[in-house]
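Written out below as structure tokens is the structure these notes cover.
All values derive from a computational prediction rather than experimental measurement. Below, read A as the first sequence line, B as the second, and so on, with proteins coming before strands; counting in each chain starts at 1.
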Number of protein chains: 2
Amino acid sequence: MTELAPQLGPAARRFNEYLHGLPDRYPARHERLQSALRYALLGAGKRVRPLLCHAAARAVDASDDDTWLVPAAALELIHTYSLVHDDLPAMDDDAWRRGRPTTHIAFDEATAILVGDALQALAFQVLTDDGPVPVSPQQQLAWVRTLAQAAGGQGMVDGQSMDCFAAAGTMDLTALETMHRHKTGALINAAVVMGAWCRSTPPSDDQITALTRYGQAVGLAFQVVDDILDVTSDTDTLGKDAGSDAAHDKVTYVSLLGLPAARRRAGELQAEALAALQTLPGDTAPLASIADYIVERLH
Amino acid sequence: MTELAPQLGPAARRFNEYLHGLPDRYPARHERLQSALRYALLGAGKRVRPLLCHAAARAVDASDDDTWLVPAAALELIHTYSLVHDDLPAMDDDAWRRGRPTTHIAFDEATAILVGDALQALAFQVLTDDGPVPVSPQQQLAWVRTLAQAAGGQGMVDGQSMDCFAAAGTMDLTALETMHRHKTGALINAAVVMGAWCRSTPPSDDQITALTRYGQAVGLAFQVVDDILDVTSDTDTLGKDAGSDAAHDKVTYVSLLGLPAARRRAGELQAEALAALQTLPGDTAPLASIADYIVERLH
């Protein structure tokens, strides 16, 4: 589960190399905090959001340089903090993640709360520091604005809150979709928009609209597939607890639609994502690969 | 405890008015999250950091308009999130704050974690959105950079982590001071630097140096006085649990120095803060009032 798609290998390797250097460039003085931050951040993630950011930059013909690494790292920092906090006993209470004990198990709850908090701040710090390629203040501000909107109480945290307090049986398909559009969709969407802002000239409104259509479809597809895998896969393959949704009595696409219809829905969203790419000026192959991979990991 | 100093009343009232409008301008869809966010944010705080930001803007002769409200709000959002998370059972486990039950008591732990996360993201969102007065991208970026550095794993969170894991008896005065310089000092320092960036032209290096000297002295003074009040005051007056340091077996200025020497240290830091103001070009009376108030609330 550590590779998103083989053709994205070079970008994934470049990103992991960059990410591995980050904690040492921003060392915390408190050793336990620093170890836990490295532990949480440098696990074997699929790097979906960073690779979406890279692929979106390609799709709008941004220069083929390392500009994308900075927003990609910020996205992974936010995503990782959300996992660390979501796994806490007061939230989803998960002990296993990315093939290893979760941060509060490997360390402790206080450290996991603090690591999440530090990771979120670090995301905004890297966006405003000098990166590997000089960028304009306008680009940096667009990155910060996009990420803060997507991450907070009108985006990812809102969705997580809906998810935490959804009473089983009271959530219909519309509510489930709203929850996911916030919980995972907002950050996935931010990934493609931040990628578009890797252009030295601002992306056009049409480009943002197309990428947003793609991002929303891929974001939902990702979640539908996650729900399916939670039922059909095992903990070793997933790298996290399988069957966790049922154990937590969670409403999912599978519990609402059944397996066959959930699979069909994933296919429809894949088609929707691919259709959105047609008007983009650059190389859309990487975005297409990601959409395909997200659905095809089912098989 | 809701007023920092009478002469700062107008700025404090203007700030509270602005702060009260914030949650409705960024409404979360999930009602419980939104209520808890309002609850946490709109309690009766002293607004030390916002008023420091305002006072620093005056001291560097920034235009006397509402520019300061935006960085001031961001500072209060970060400060509030840190209180909500610090009060959690896995951290300081405090039930009482700002004269009311803490957020995880009034709501629940999951909500308190999420509210803290949302407040942090909101801080960066308000800094990059349009505020009451147009500002330059350079100003917005300086605010984001300063705040992210101060809030994260090299600033406030680092200090909180040192504090959480400090074994009683193993912390000497140097370690205590390092911890406080991170835990509360970093954000107080950010407050004056962000205030200086309310100027439409960048503050000079000398101004930043003077404000940083002031900020560091005031930040430590604030903590020394907090440690003294924890011993000498009561819960009603403090609005939070008195005697909490001793109950948690925490090393404090009082436990290391004793009360008389701690009082002297507060006085020295007050003098240091006031001395730092001499080279600043604008009206330094508000900064002087805050330094005086911080120490004089002892009496």
Query raised in the report: Nearest 0.5 Å, what's the OH-CD distance between A:Tyr26 and B:Gln154?
Result: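 Those atoms lie 8.0 Å apart.
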
Query raised in the report: Roughly how far, to the nearest 0.5 Å, is the CD atom of B:Gln160 from the CG atom of A:Asp117?
Result: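 Going from CG on A:Asp117 over to CD on B:Gln160, the span is 9.0 Å.
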
Please find the pair of heavy atoms, one from [X] and one from [Y], that lie closest to each other, and give the distance.
{"X": "A:Phe124", "Y": "B:Val144", "value": "O-CG1, 4.1 Å"}
{"X": "A:Ala121", "Y": "B:Ala148", "value": "O-CB, 3.7 Å"}
{"X": "A:Ala110", "Y": "B:Cys164", "value": "CB-SG, 4.4 Å"}

Is chain A contacted by the side chain of [X], its backbone, both, or neither, given a heavy-atom distance below 4.5 Å?
{"X": "B:Pro27", "value": "both"}
{"X": "B:His182", "value": "side chain"}
{"X": "B:Leu88", "value": "side chain"}
{"X": "B:Leu122", "value": "neither"}

With a 4.5 angstrom heavy-atom cut-off, which part of [X] approaches chain B: side chain, backbone, both or neither?
{"X": "A:Ser82", "answer": "neither"}
{"X": "A:Asp108", "answer": "side chain"}
{"X": "A:Leu114", "answer": "both"}

If you count heavy-atom pairs within less than 4.5 Å of chain A, which of [options] leads?
{"options": "B:Gln140, B:Glu31, B:Met162, B:Gln34", "value": "B:Met162"}
{"options": "B:Pro89, B:Ala142, B:Ala123, B:Pro137", "value": "B:Pro137"}
{"options": "B:His104, B:Glu109, B:His85, B:Gln120", "value": "B:Gln120"}
{"options": "B:Ala28, B:Pro23, B:Gly116", "value": "B:Ala28"}

Requested in this report: Test B:Asp129 against A:Gln149 for side-chain contact (heavy atoms from CB on, under 4.5 Å), laying out the working first.
Outcome: CA-CA 10 Å; B:Asp129 277 350; A:Gln149 272 174 11; 4.2 Å; yes

**Report entry** A:Ser161 and its side chain to side chain contact (heavy atoms under 4.5 Å, CB included) partner, picked from B:Leu33, B:Thr111, B:Leu37, B:Ile113
**Finding:**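 Among B:Leu33, B:Thr111, B:Leu37, B:Ile113, the one that satisfies the side chain to side chain contact (heavy atoms under 4.5 Å, CB included) with A:Ser161 is B:Leu33.
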
**Report entry** Whether A:Asp158 side chain and B:Arg29 backbone form a donor-acceptor pair below 3.5 Å
**Finding:**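 Answer holds: yes.
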
Query raised in the report: Sub-3.5 Å donor-acceptor pair from the side chain of A:Gln125 to the main-chain atoms of B:Arg145, do we have one?
Result: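 No, because the side chain of A:Gln125 does not come within donor-acceptor range (under 3.5 Å) of the backbone of B:Arg145.
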
**Report entry** Neighbour count >12 (heavy atoms, 6.0 Å) for atom CG, A:Asp205
**Finding:**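 Count not over threshold, so no.
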
Query - Enclosure of B:Asp130 CG (heavy-atom neighbours >12, cutoff 6.0 Å) - result: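 For B:Asp130, atom CG is not crowded (no more than 12 foreign heavy atoms under 6.0 Å).
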
